[in-house]
Asks: 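Quick one: structure below, then a few questions.
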There are 2 protein chains.
Amino acid sequence: MPLHLTSEQRLDDGVLERGFTLGEIPGILWTPPSASTPVPLILLGHSPLGLRPMYPRLVARARRAAADGFAAATVELPGSGDRPRRAAAEQARADLRRAVEAGERVGDEIVDALILPLVDQAVPEWQAALDALLSLPELGGPVGYSGGVISIGVRLAVVEPRIVAAGLFAGSLVPRAIFEEARRVTIPLHVLLQWDDEGNDRQAALDLFDAFGSREKTLVANMGGHTGVPQSAGDAAARFFTRHLS
Amino acid sequence: MPLHLTSEQRLDDGVLERGFTLGEIPGILWTPPSASTPVPLILLGHSPLGLRPMYPRLVARARRAAADGFAAATVELPGSGDRPRRAAAEQARADLRRAVEAGERVGDEIVDALILPLVDQAVPEWQAALDALLSLPELGGPVGYSGGVISIGVRLAVVEPRIVAAGLFAGSLVPRAIFEEARRVTIPLHVLLQWDDEGNDRQAALDLFDAFGSREKTLVANMGGHTGVPQSAGDAAARFFTRHLS
């Protein structure tokens, strides 16, 4: 599927930001100010809130990547932003909200219904985006994957050989099936955990970290909630990509 | 108690290494090549194996500290090296060995007998060393504490106000009483955990990290055993001290 550029602007630090579509999927590509040779690429994962509300955090991560000499790109997740909602996902989200509000344990069937179809649909889309992006002359490899729904990161790390390193954010519900897939991950991992993340099961996050098959994996836990990742942790994640993509 | 310098040598990278004694306690001080103004100090904790066998690892940490503009110093622990053995500690060590070899759970009474008297004796000694070291014109503050027996680091962080940041290594048995003291620690902490450390109870290490009262604390877990801390984790710890001591 070819990539259509839909917009282009130069940010104040010289980073080139281009909107694109891949079929019906919108995305954004950021490239460093003066990329004379093909640069490595970091795929920026994000939450299903949608690209528009996530934009300020995405552009901050993209600017950091560009400062380190990397391009960054992201695409809208299925059922987010202006993309068509999936009825089953909306139902699962309602079930989740009801369980959380009732103070109940969120059952495996709700987690599976919410996450597994999302992973099944999103992962091939990110792979298609990778095909299209890497056909641009200014993008080379290697490719890193950073953040977002951790189950998507796990699946991508297993199935996509062009991704050589992943920085994951332990901060969402993880189906049991994804724990099994985690054992098959072998690329270097850098996992951020917010110790007091209200939306996160800390023990599940530690169990998932333990499950990863990678010989090289680092867990970095900091105080604070989901959006409270300290500057130093962002720096450490950036250095992880510099070690593995440069 | 005054500090007596007993030896002096210039290492190949220009770091000045001086042996000293503080009463009957031997120690080592390392200062950066050209320290014109008083420099911050990092106290290098270490295991009870003794300064001599620990020297290669200590000097590597001291060189890194010096490269970052910090002095580093360490003293022999009670009952280690050439210092007199304590009969009760030897007994506790034998009990520990017996329990481990029999595959038994190491009882609280063994941990308490092994660690608490060591903490009680070592902490005032490190404080006396700090008094003497900070009277040298080339050493200023602030002071950091790094590594070694984690229970000593916890107690020092609670009782010694000159220590403003601590890098701790989760890798030894921790008495229940120290968990209580950990709640009173408020300085920034950087805690290294080796995920597969054969001599370490991972869950106890996570519980201790959780117990620390510090608002700013980071846990960095990596694969491998006690001596397998990767270069990147050493770099992250060094950057922690640079943030807090510079």
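A quick note: this is a predicted structure, and the numbers were derived from the prediction, not measured. Every chain is numbered from 1 and lettered A, B, ... according to where its sequence line falls, protein lines coming before strand lines.
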Asks: Under the ring-ring contact (aromatic ring centres under 6.0 Å, His included) test, which residues partner B/Trp30, sequence neighbours left out?
Replies: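 Result, ring-ring contact (aromatic ring centres under 6.0 Å, His included) vs B/Trp30: none returned.
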Asks: Apply side-chain contact (heavy atoms from CB on, under 4.5 Å) to A/Ile150 and A/Leu208, showing your working.
Replies: CA-CA 10 Å; A/Ile150 195 166; A/Leu208 182 61; 3.8 Å; yes
Asks: Chain B heavy atoms under 4.5 Å from A/Leu193: which part of the residue, side chain, backbone, both or neither?
Replies: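 Neither the backbone nor the side chain of A/Leu193 comes within 4.5 Å of chain B.
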Asks: B/Gln203 versus chain A, heavy atoms under 4.5 Å apart: side chain, backbone, both or neither?
Replies: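 It is the side chain, since no backbone atom gets that close.
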Asks: Without swapping roles, check the side chain of B/Ser214 against the backbone of B/Ile187 for a donor-acceptor pair under 3.5 Å.
Replies: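 Checking the backbone N and O of B/Ile187 against the side chain of B/Ser214, a donor-acceptor pair under 3.5 Å is found.
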Asks: Go through the atoms of A/Asp235 and report whether side chain, backbone, both or neither lie under 4.5 Å from a heavy atom of chain B.
Replies: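 When you check distances to chain B, no heavy atom of A/Asp235 falls under 4.5 Å.
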Asks: Can you classify the ring geometry of A/Trp126 versus A/His46 as parallel (below 30°), tilted (30 to 60°) or perpendicular (above 60°)?
Replies: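 Tilted.
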Asks: Counting heavy-atom pairs closer than 4.5 Å to chain B, which one of A/Met223, A/Glu216, A/Arg215 comes out on top?
Replies: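 Heavy-atom pair counts peak at A/Met223.
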